Amino acid sequence: MLLSFPEYFEVNDYRLDTYKPFFRCLILTAFLYSTSDYYVSAYKSIRPKMLNIDIPIALGIIVMFVRSTTDIAFDYGSGFLIV
């Protein structure tokens, strides 16, 4: 939550605009690290051809990550990672 302060302040300050891309990249890496357990569990359940709830969760996380990465890369906004 502390990493998303530049997104919540709608002030046109030079410092906030300067560090906004840096904090967006930090949020992406923190997001990937915090969701790694879902990826591992989904992969372990796919290998023996068994389904569990982590597979659709991991797919949803991947779709949200791709969409948010494109939003951040093209500067459309902060994506869905900050909500």
Side-chain angles (χ1 to χ4, degrees):
M1 192 68 182
L2 291 174
L3 295 175
S4 61
F5 274 147
E7 298 294 333
Y8 289 120
F9 295 133
E10 292 296 327
V11 180
N12 291 330
D13 186 19
Y14 173 74
R15 291 174 295 191
L16 291 178
D17 290 336
T18 303
Y19 291 116
K20 196 179 285 191
F22 173 71
F23 282 113
R24 286 178 178 174
C25 290
L26 275 179
I27 289 171
L28 283 175
T29 57
F31 178 77
L32 285 176
Y33 175 74
S34 64
T35 58
S36 63
D37 291 335
Y38 289 109
Y39 303 137
V40 170
S41 176
Y43 177 72
K44 286 182 180 179
S45 70
I46 288 175
R47 278 190 21 206
K49 297 181 181 175
M50 294 180 59
L51 296 177
N52 66 3
I53 191 65
D54 290 334
I55 294 171
I57 291 174
L59 287 175
I61 290 171
I62 290 169
V63 168
M64 183 177 63
F65 177 75
V66 169
R67 171 66 194 262
S68 296
T69 304
T70 56
D71 285 350
I72 291 171
F74 293 116
D75 201 24
Y76 294 144
S78 60
F80 296 105
L81 303 177
I82 296 179
V83 176

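Computed from a predicted model, the values in this text were never measured in an experiment.
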Check: What pairs with Y39 under side-chain hydrogen bond (donor to acceptor under 3.5 Å, both in side chains), at least two apart in sequence or on another chain?
Finding: T35

Margin query: What's the separation between atom NZ in K44 and atom CD1 in I55, rounded to the nearest 0.5 Å?
Written below: 13.5 Å

Notebook entry, point to check: Do I62 and F65 belong together in a cluster built from hydrophobic side chains that touch within less than 4.5 Å?
Noted result: yes

Check: Do you know the tightest heavy-atom contact between D54 and Y38?
Finding: OD1-CD2, 3.5 Å

Note to self: Please give the remaining members of the hydrophobic cluster of V40, linking ILVMFWY side chains under 4.5 Å, ordered by chain and number.
What the structure shows: none

Checklist line | Cluster companions of V63 among Ile, Leu, Val, Met, Phe, Trp, Tyr (side-chain spacing under 4.5 Å) | finding: none

Margin query: Tell me whether the count of non-hydrogen atoms from other residues, nucleotides or ligands lying under 6.0 Å of CD1 in I53 goes above 12.
Written below: no

Checklist line | N/O donor-acceptor pair under 3.5 Å between S41 side chain and D37 backbone | finding: no

Check: T29 side chain to L26 main-chain N or O, any donor-acceptor pair under 3.5 Å?
Finding: yes

